[in-house]
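What follows is one structure encoded as structure tokens, with my remarks underneath.
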Amino acid sequence: MLDTYKFVNEPLPYDYDALEPWIDERTMHLHHDRHLQTYIDQLNTILKDYPLLQKWPLERLIIDLAKVPKKIQVAIQNNAGGVYNHLFYFDSMIPSGKEMPKELKRELIRNFGSVEQFLERLKKAALAVFGSGYAWLVCDLQGRMQIVTSKNQDAPLSAIMIPLLAIDLWEHAYYLKHYNLRANYIDNWFQVVNWQLVWQRFQKRKFDSMKREYILPHRKL
């Protein structure tokens, strides 16, 4: 994935069937090759006539949306968000069998009381998303972890919040396998979370004390 226009859909960081039986191969093909590709194609089409915006990294298109020409703001929000959120989601998964780092467990206990309480709260937040959207684990300026949700393809990127983990709650992420049973999908998704990457994202967060904002890490850690 190039950082700026013209964006390209890179292969998944694992085989399409690598997340079986938790996330099915057919869904991964559809999700990556069609849904993500559509957002990439649409974003490239929007940026075609805006050479200055072509120099902006994907994250800046989302964070500095107010500086984008008003007539394309909604389109940029939807499609740049669709690209960023999908890449973040796909990177956040790994074939099962990887244990959660003990350091991450300590942070989750410190912030949520226990790992079990964190998983329960994240599942509850994910189930509460009406329609399409995402549930996120994020970190605030004080280094505290929080669970937030976003609608459609909005992304919780800001000067005071950095994403650590995201679960895609659009129906195309689970409907072929689970139909309308979102809770079953969430339980299965917990089995393929790349907890080591979540910890790396937390460790690699950088805070600019002068600007009072986070310096967002590149998706490839």
Side-chain angles (χ1 to χ4, degrees), residues 13 57-66 77 80-94 98-170 173 182-183 185-221:
L58 179 62
E59 290 168 337
R60 185 181 176 189
L61 288 170
I62 298 169
I63 295 171
D64 287 343
L65 186 65
Q77 181 178 14
V83 175
Y84 178 88
N85 291 347
H86 276 97
L87 292 176
F88 198 90
Y89 169 75
F90 289 138
D91 282 354
S92 296
M93 297 186 292
I94 196 171
K98 308 296 182 182
E99 288 201 16
M100 184 182 293
K102 59 184 180 181
E103 298 88 354
L104 177 58
K105 288 182 180 179
R106 282 198 292 265
E107 283 297 323
L108 292 175
I109 292 170
R110 184 172 70 88
N111 288 274
F112 300 101
S114 69
V115 174
E116 293 72 23
Q117 285 180 292
F118 158 69
L119 295 175
E120 289 174 6
R121 287 179 58 179
L122 182 57
K123 181 176 180 179
K124 183 178 180 180
L127 288 173
V129 172
F130 182 77
S132 301
Y134 293 78
W136 303 78
L137 174 66
V138 300
C139 181
D140 66 15
L141 292 181
Q142 287 72 42
R144 295 180 303 221
M145 293 180 175
Q146 298 181 33
I147 294 171
V148 300
T149 60
S150 61
K151 64 180 180 179
N152 299 322
Q153 291 297 351
D154 294 353
L157 293 174
S158 72
I160 60 173
M161 191 178 295
I162 190 167
L164 302 175
L165 179 65
I167 176 171
D168 189 337
L169 300 170
W170 285 64
R182 182 184 283 182
Y185 157 65
I186 296 169
D187 290 338
N188 281 1
W189 174 78
F190 281 140
Q191 306 302 316
V192 295
V193 172
N194 188 344
W195 297 112
Q196 184 63 49
L197 181 58
V198 175
W199 175 242
Q200 290 176 16
R201 286 169 174 161
F202 182 77
Q203 284 184 302
K204 289 178 178 292
R205 70 197 190 287
K206 295 181 179 180
F207 182 67
D208 188 328
S209 59
M210 297 295 292
K211 294 183 178 179
R212 298 292 297 170
E213 65 181 21
Y214 276 116
I215 302 171
L216 294 171
H218 190 278
R219 61 181 289 258
K220 295 294 186 183
L221 294 173

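The structure displayed is predicted, hence computed values, not measured ones.
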Quick one: ring pair (Phe, Tyr, Trp, His ring centres under 6.0 Å) partners of Trp195, sequence neighbours excluded?
->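 If we apply the ring pair (Phe, Tyr, Trp, His ring centres under 6.0 Å) test to Trp195, skipping adjacent residues, there are no hits.
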
Can you tell if the side chain of [X] reaches within under 4.5 Å of the side chain of [Y], non-hydrogen atoms only?
| X | Y | result |
| --- | --- | --- |
| Tyr84 | Gln153 | no |
| Arg201 | Cys139 | no |
| Gln200 | Gln196 | yes |
| Ile167 | Tyr185 | yes |
| Tyr134 | Asp168 | yes |
| Ile94 | Leu197 | no |

First locate atom [atom1] of [X], then atom [atom2] of [Y], and finally report the distance between them rounded to the nearest 0.5 Å.
| X | Y | atom1 | atom2 | result |
| --- | --- | --- | --- | --- |
| Phe130 | Thr149 | CZ | OG1 | 13.5 Å |
| Leu137 | Arg121 | CG | CZ | 10.5 Å |
| Phe118 | Leu165 | CZ | CG | 6.0 Å |

Locate the shortest heavy-atom distance separating [X] from [Y]; write the atom from each residue and the value.
| X | Y | value |
| --- | --- | --- |
| Asn152 | Trp170 | O-NE1, 3.0 Å |
| Phe190 | Leu122 | CE2-CD2, 3.9 Å |
| Met100 | Leu104 | CG-CD2, 3.7 Å |
| Pro101 | Trp199 | CG-CB, 4.2 Å |
| Asn85 | Asp154 | ND2-O, 3.1 Å |
| Val198 | Leu164 | CG2-O, 3.8 Å |

Validation: residues 109-117 side-chain donor-acceptor distances under 3.5 Å, sequence neighbours left out:
residue	atom	partner	partner atom	Å
Arg110	NE	Glu107	OE1	3.3
Arg110	NH2	Glu107	OE1	2.8
Asn111	OD1	Met145	N	2.9
Asn111	ND2	Glu107	O	2.6
Ser114	OG	Gln117	N	3.0
Ser114	OG	Gln117	OE1	3.4
Gln117	OE1	Ser114	N	3.3

With distance as the sole test, does Arg182 use its side chain to make a donor-acceptor pair with the main-chain N or O of Ala126 at under 3.5 Å?
->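 Between the backbone of Ala126 and the side chain of Arg182 there is a qualifying donor-acceptor contact (under 3.5 Å).
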
Residue pairs fulfilling salt bridge (charged side-chain N to carboxylate O under 4.0 Å, His left out) with at least one residue in residues 189-199, sequence neighbours excluded | none

